[in-house]
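As a basis for the values below, the full set of heavy atoms in this structure was taken, side chains included, without hydrogen atoms, waters or symmetry mates. Each residue takes its place number in the sequence, starting with 1.
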Amino acid sequence: MQSQRALAVLDELRSLAAEDDTRLCTAKDRLAMAEAEVAAARSAFDSASMRAEVSQRVMRRAEELLAPATRPESDPPPPPGPRPDPQEKPRTIPQEVLAFVRPRGRATRTEIIQHVRHTRPDINVASGKRRLSRMVADKELVRVERGVFALGPRAAEGDA
């Protein structure tokens with residue numbers, strides 16, 4: 001009776017060993033395919049890297065050769081409008097925004113941000129957007145519709 005139980009356990013162990021062997025073979029095959037894919041990817045990366053490096057060198061050399069031809073003969077003319085006084089402090093963001101919106105009556109967020117970016121390149125765009133929201137909260141601007149602003153009651157009072 002015990003020998004039958006031993007044979008049953010042995011059969012079970014053989015079955016488990018066969019299943020493990022199958023899993024091992026499958027894992028080896030997957031590993032081999034992954035290693036081949038990694039090798040192919042590494043080769044493609046190396047090739048692309050080399051091409052990019054060569055392209056950059058060629059582009060830099062072309063820029064060096066063409067630089068004298070593309071340089072303007074004289075300085076470009078100054079932009080139209082009043083020239084800022086170098087002694088004068090730059091305007092704050094709210095001052096810039098109000099100066100931009102006042103003659104137009106209303107302006108979009110994009111127009112305002114582009115103006116501020118042009119007149120004050122030292123200003124971070126994100127802080128400009130936050131400042132617009134603060135100006136609405138402070139009633140210096142009103143949101144006419146989504147993304148469109150006009151002078152608020154507080155800014156209009158400042159004109160009087």
Exercise. Is Gln56 close to Arg60 at the side-chain level, that is, under 4.5 Å between some pair of heavy atoms?
Worked result: yes
Problem set entry | Residue pair Ala150 / Gly105: nearest heavy atoms and the distance that separates them | CB-O, 3.3 Å
Problem set entry | Heavy-atom side-chain contact between Arg131 and Val97 under 4.5 Å | no
Exercise. Going from CG on Leu151 to CE on Met135, what distance comes out if it is rounded to the nearest 0.5 angstrom?
Worked result: 8.5 Å
List, one per line, each side-chain donor-acceptor pair under 3.5 Å for residues 14-32, sequence neighbours excluded.
from, atom 1, to, atom 2, distance (Å)
Glu19, OE2, Arg23, NH2, 3.1
Thr22, OG1, Ala18, O, 3.0
Thr26, OG1, Thr22, O, 3.0

Exercise. Do you know which two heavy atoms are closest between Arg109 and Phe149, and how far apart they sit?
Worked result: NH2-CZ, 3.7 Å
Exercise. Are there more than 12 heavy atoms of other residues, nucleotides or ligands under 6.0 Å from atom CD of Glu37?
Worked result: no
For this session: Taking the side chain as every heavy atom from C-beta outward, state whether His118 and Glu96 have any atom pair closer than 4.5 Å.
Result: no
For this session: Using salt bridge (Lys or Arg N to Asp or Glu O under 4.0 Å) as the criterion, list what pairs up with Arg120, not counting sequence neighbours.
Result: Asp122
Exercise. What's the shortest heavy-atom distance between Glu140 and Pro94, and which atoms?
Worked result: OE2-CB, 4.4 Å
For this session: Give the cluster check for Ile113 versus Val144: same hydrophobic cluster or not, with ILVMFWY residues linked at side-chain heavy-atom distances below 4.5 Å.
Result: no
For this session: Kindly check if the number of other-residue, nucleotide or ligand heavy atoms within 6.0 Å of CE (Met50) is above 12?
Result: no
Exercise. If every non-hydrogen atom of Val142 is compared with every non-hydrogen atom of Pro153, which pair is closest and at what distance?
Worked result: CG1-CD, 4.0 Å
Exercise. Less than 4.0 Å between a side-chain N and a carboxylate O, is that true for Arg61 and Glu64?
Worked result: yes
Exercise. Do the side chains of Leu141 and Val148 join up, straight or via other hydrophobic residues, at under 4.5 Å, putting them in one cluster?
Worked result: no
Exercise. Are Arg57 and Glu53 ion-paired here, with the side-chain N under 4.0 Å from a carboxylate O?
Worked result: yes
Problem set entry | Nearest-0.5 Å distance, NZ of residue Lys129 to CD1 of residue Ile112 | 12.0 Å
Exercise. Where is the tightest heavy-atom contact between Val136 and Arg143, given as atom of each residue plus distance?
Worked result: CG1-NH1, 4.0 Å
